[in-house]
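Right, one structure below, let's go through it.
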Number of protein chains: 2
Amino acid sequence: MSKPDYMKFLSSKMNFVEPSPIREMVSKIAKKSKETAVVSFAAGDPDPDVIPRKLYAELARKIFEDERRSVIYSPTEGLPELREEIAGFMRKYEQVEADPDTIIVTGGGSQAIDLIGKLMLEPGDIVIVENPSYVNTILDWRQYGIKLIGVPMDEHGLKTDVLEETIRRLRSEGKFAKLIYTIPTGQNPSGLTMSMDRRRHLMELASKYDLLIVEDGAYNYLVYEQLNVKPLKSMDEENRVIFVGSFSKVLGTGLRVGWLNLPGELVNLFKAVKGPSDMCPPVPSQFIVLEVLRAGLFEEIRSNAVKSYKEKRDIMLNAIAKHLTGLKHTKPVAGMFIFLWLPNHLDGWRIAEEALEKYSVATIPGAPFFTDGSGKNTLRLNFSMAPLDQIEKGVEKLSKLIK
Amino acid sequence: MSKPDYMKFLSSKMNFVEPSPIREMVSKIAKKSKETAVVSFAAGDPDPDVIPRKLYAELARKIFEDERRSVIYSPTEGLPELREEIAGFMRKYEQVEADPDTIIVTGGGSQAIDLIGKLMLEPGDIVIVENPSYVNTILDWRQYGIKLIGVPMDEHGLKTDVLEETIRRLRSEGKFAKLIYTIPTGQNPSGLTMSMDRRRHLMELASKYDLLIVEDGAYNYLVYEQLNVKPLKSMDEENRVIFVGSFSKVLGTGLRVGWLNLPGELVNLFKAVKGPSDMCPPVPSQFIVLEVLRAGLFEEIRSNAVKSYKEKRDIMLNAIAKHLTGLKHTKPVAGMFIFLWLPNHLDGWRIAEEALEKYSVATIPGAPFFTDGSGKNTLRLNFSMAPLDQIEKGVEKLSKLIK
């Protein structure tokens with residue numbers, strides 16, 4: 001009787017698999033939360049009390065009672081009516097005339113991003129992302145063996161001039177970038193939003209250098225100021241943008257409903273990859289989103305969320321100005337996050353761990369979001385989750401550690 | 001202005017991506033169903049009227065109202081309480097003492113199977129499956145570039161003597177099989193169940209030849225006769241079995257809740273692969289399953305399903321005996337399918353297409369389930385979905401075509 005040597009049965013892919021440092025921190029937070037009340041600036045979740053759970057309770061009751069299809073498989077690309085509604089949604093919220101046949105419903109934006117990796121990326125491929133960028137996209141695509149190149153941002157978002165230099169340098173080395181991944185609005189983790197000039201420049205570069213862009217619109221519906229920007233997909237005359245949409249940040253991350261709006265040429269390939277790997281997105285969740293969209297309730301839910309998170313953002317920004325005077329941080333006009341630079345000699349990991357241990361304040365270190373090992377002195381602060389009256393106290397406690 | 005050449009942006013993986021022929025047939029059926037009433041022997045779904053949708057309506061109402069966690073992310077491995085319940089479920093239904101830490105909740109069995117592929121399989125790998133086997137596992141794992149070897153079955157299930165010959169032959173060629181994939185109970189598509197002797201032999205071979213086994217237990221809870229068999233996982237003294245569990249066939253395929261019961265050594269790797277690719281399984285669905293298990297309602301739901309499908313199975317078997325006299329077919333003691341061999345000169349695809357067109361009877365050709373291009377004269381008949389009073393008529397119509 002002997003145990004197998006499991007290593008022998010794994011693929012070389014496991015060389016690219018890293019456990020998520022964020023998940024590790026999230027586990028520590030969960031553990032701490034069992035012992036005491038924790039003020040959370042950590043998660044990327046909406047406030048469960050802003051989500052209209054009573055409405056969902058009523059919708060779910062009706063859906064299960066009336067809809068036989070709620071408990072069996074839907075098509076892998078999602079319920080046909082939901083894809084129609086999402087096409088209409090793309091018109092209204094993204095200024096994109098989307099054919100429903102180019103919409104594939106996914107298990108949140110995450111599955112959409114993974115499907116892109118699955119079909120398009122392989123060892124040695126180069127992908128360009130904002131530096132810092134969303135840690136789960138970084139970890140997921142790294143599992144496909146790719147090399148990430150990070151391009152810096154400033155207050156106008158991605159520095160497209162540096163992007164152009166990077167692409168030219170790659171060309172001169174005989175290489176090319178498979179994809180440019182960007183979260184142009186309310187970026188995770190930085191909270192930055194790309195200006196309209198930069199967006200135009202990015203689209204020009206895509207055409208000039210024959211690039212494909214993945215536009216992650218996860219935060220597009222949490223916007224707190226009048227923005228004069230358009231989605232990249234709405235400027236996409238050459239069909240170079242794969243749009244990743246998500247209802248998670250407004251309707252709830254737990255539902256797991258997002259979508260892909262694809263160039264028509266890629267639809268059947270994506271369906272073929274997706275079909276056997278998941279059968280279909282969760283069907284009760286699909287019906288809840290469908291009913292919300294059909295009843296025209298999304299806008300009300302969205303504006304409630306925006307009102308709540310805007311207030312929380314302002315409280316957090318004021319608390320930072322008051323208690324962390326002089327520290328560099330972003331001032332987000334969209335999204336869920338403020339990004340904070342600690343004094344250079346401080347380590348974000350240690351501050352995050354000590355804040356949790358000593359003061360029961362949960363934050364996420366910024367370092368895992370960077371592609372190049374930099375950002376050791378950064379923290380990501382979420383402002384959507386914590387109760388209104390705890391935000392200033394939380395920031396004040398953080399400041400005690402930092403000073 | 002020019003469109004990109006998308007081919008340039010795809011990975012070599014696309015060489016392994018095949019559109020599912022089943023999905024194509026399912027689309028045709030969906031189209032036909034819009035025109036006229038179709039008797040469906042096609043889908044692998046439970047009967048939506050056997051699923052306790054009123055109970056789910058009530059549970060969902062309470063969950064959304066009372067449970068703040070219902071709308072935000074759960075851990076990627078699933079809700080801790082649900083993993084506890086599944087461990088208890090493994091004890092009760094699978095005779096396995098499972099540590100909750102070795103349970104990962106997945107988006108149905110399909111995601112479990114895809115995760116296995118993602119972490120373990122790469123181009124050139126050899127995987128052994130029953131011939132015929134589940135078409136979505138075949139298509140999904142082929143996307144990882146593997147070579148499938150099919151081992152035939154008889155009325156006692158997988159022919160383990162042929163399996164041993166196959167493994168020896170591979171060894172003599174300096175090759176080995178990464179995984180042995182089996183659906184030992186109520187196999188899809190054949191409806192066959194592996195005998196206890198064969199199960200013991202399979203476990204002996206696993207030990208003798210250092211094999212890993214993936215046991216797909218999707219149909220384990222739809223058993224219509226007294227069976228004297230044990231799950232492979234319950235005999236797994238050397239930790240060589242990865243168990244893929246699913247609530248889909250009893251609680252509903254639309255929920256998308258399944259699980260992996262893994263050797264402890266593999267748990268963290270699976271979590272690391274899963275985390276960034278899906279964040280978590282659908283949370284409202286997880287809570288519904290949790291409440292069903294906690295309230296001890298699974299057994300009642302299961303026995304109602306078994307009672308209904310057993311009756312339907314008997315009606316279909318009788319109809320086949322009466323109208324398709326002399327044709328070879330399986331007599332399932334578990335699962336959802338009867339497998340039918342047409343006269344040699346008939347093509348399953350053509351019969352399935354004509355049955356749909358002429359008689360509005362939907363079936364699935366058996367050929368895509370075979371690993372070696374054989375089985376062209378076979379059909380898979382589902383008996384769980386069609387209403388009781390339409391089964392005989394459907395079989396009678398089929399018989400008109402076949403004769």
Side-chain angles (χ1 to χ4, degrees), chain A residues 1-4 6 9-14 17 19-20 23 45 48 51 53-54 56-57 60-61 64-65 68 70-73 107-108 110-111 114 119-122 136 139-140 143 178 210 212 237-240 252-254 256 265-266 268-269 272-273 275-279 282-285, chain B residues 1-4 6 9-14 17-20 23 45 48 51 53-54 56-57 60-61 64-65 68 70-73 107-108 110-111 114 119-122 136 139-140 143 178 210 212 237-240 252-254 256 265-266 269 272-273 275-279 282-285:
Chain A
M1 198 177 96
S2 63
K3 270 198 168 186
Y6 297 103
F9 296 98
L10 298 173
S11 82
S12 55
K13 168 154 199 162
M14 69 156 293
V17 174
S20 167
R23 283 274 160 199
D45 280 305
I51 307 276
R53 292 189 283 114
K54 285 213 163 152
Y56 293 3
R61 194 185 58 70
F64 280 126
E65 281 183 3
R68 298 175 85 239
S70 62
V71 290
I72 58 173
Y73 293 128
S110 312
Q111 194 199 16
D114 184 54
L119 188 62
M120 303 180 75
L121 303 176
E122 62 194 322
N136 280 314
L139 289 171
D140 190 66
Q143 291 184 2
K178 266 273 177 87
D210 191 18
L212 282 197
E237 292 177 7
E238 297 180 3
N239 239 340
R240 296 186 172 279
T253 43
R256 311 313 298 127
E265 288 83 348
L266 295 175
N268 283 335
L269 272 169
V273 170
S277 74
D278 84 332
M279 297 301 288
V283 183
S285 295
Chain B
M1 199 177 97
S2 63
K3 272 198 167 185
Y6 296 104
F9 297 98
L10 298 173
S11 82
S12 55
K13 166 155 199 161
M14 69 156 291
V17 174
E18 306 160 53
S20 167
R23 282 273 160 199
D45 280 304
I51 307 277
R53 291 189 283 116
K54 284 213 163 152
Y56 293 3
R61 194 185 59 69
F64 280 125
E65 282 183 3
R68 298 176 83 241
S70 61
V71 291
I72 58 172
Y73 293 128
S110 312
Q111 193 199 15
D114 184 54
L119 189 62
M120 304 180 75
L121 304 177
E122 61 194 324
N136 280 314
L139 289 170
D140 190 67
Q143 291 184 1
K178 267 272 177 90
D210 190 18
L212 283 197
E237 292 177 8
E238 297 180 3
N239 239 341
R240 297 186 172 277
T253 43
R256 310 313 299 128
E265 288 83 349
L266 295 175
L269 272 169
V273 169
S277 75
D278 84 332
M279 298 302 287
V283 183
S285 296

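These numbers were taken from a predicted model, which means no experiment stands behind them. Within every chain, numbering begins at 1; the chains are lettered A, B, ... in the order of the sequence lines, protein sequences first and strands thereafter.
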Taking all heavy atoms of B:Ser110 and all of A:Pro276, pick out the closest pair and write down the distance.
-> CB-O, 4.2 Å
If only atom types and distance count, is the side chain of A:Arg53 paired as donor or acceptor with the main-chain N or O of B:Glu65 below 3.5 Å?
-> yes
Between A:Thr253 (side chain) and B:Tyr73 (backbone), is there a donor-acceptor pair under 3.5 Å?
-> yes
Looking at A:Leu119, A:Asp278, A:Leu139, which has the largest count of heavy-atom pairs under 4.5 Å with chain B?
-> A:Leu119
Most chain B-contacting option - heavy-atom pairs closer than 4.5 Å, from A:Val17, A:Asp45, A:Val283 |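 Maximum pair count with chain B is reached by A:Asp45.
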Let me know if [X] has heavy atoms under 4.5 Å from chain A in its side chain, its backbone, both or neither.
| X | answer |
| --- | --- |
| B:Ser277 | both |
| B:Tyr6 | side chain |
| B:Val273 | both |

Quick check on the interface: out of [options], who has the most heavy-atom pairs with chain A under 4.5 Å?
| options | value |
| --- | --- |
| B:Arg240, B:Gln111, B:Arg61, B:Lys54 | B:Arg240 |
| B:Glu265, B:Lys178, B:Arg68 | B:Arg68 |
| B:Ser12, B:Gly107, B:Ser285 | B:Ser12 |
| B:Gly252, B:Pro282, B:Ala60 | B:Pro282 |

Euclidean distance, A:Phe9 CZ relative to B:Leu266 CG, rounded to 0.5 Å = 10.0 Å
Spacing of CG belonging to A:Asp114 relative to CE belonging to B:Met279, to within rounding of 0.5 Å |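 Rounded to the nearest 0.5 Å, the CG-CE separation comes to 12.5 Å.
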Are [X] and [Y] side-chain neighbours, meaning at least one heavy-atom pair lies under 4.5 Å?
| X | Y | result |
| --- | --- | --- |
| A:Ile51 | B:Phe64 | no |
| A:Glu122 | B:Lys13 | no |
| B:Asp210 | A:Pro4 | yes |

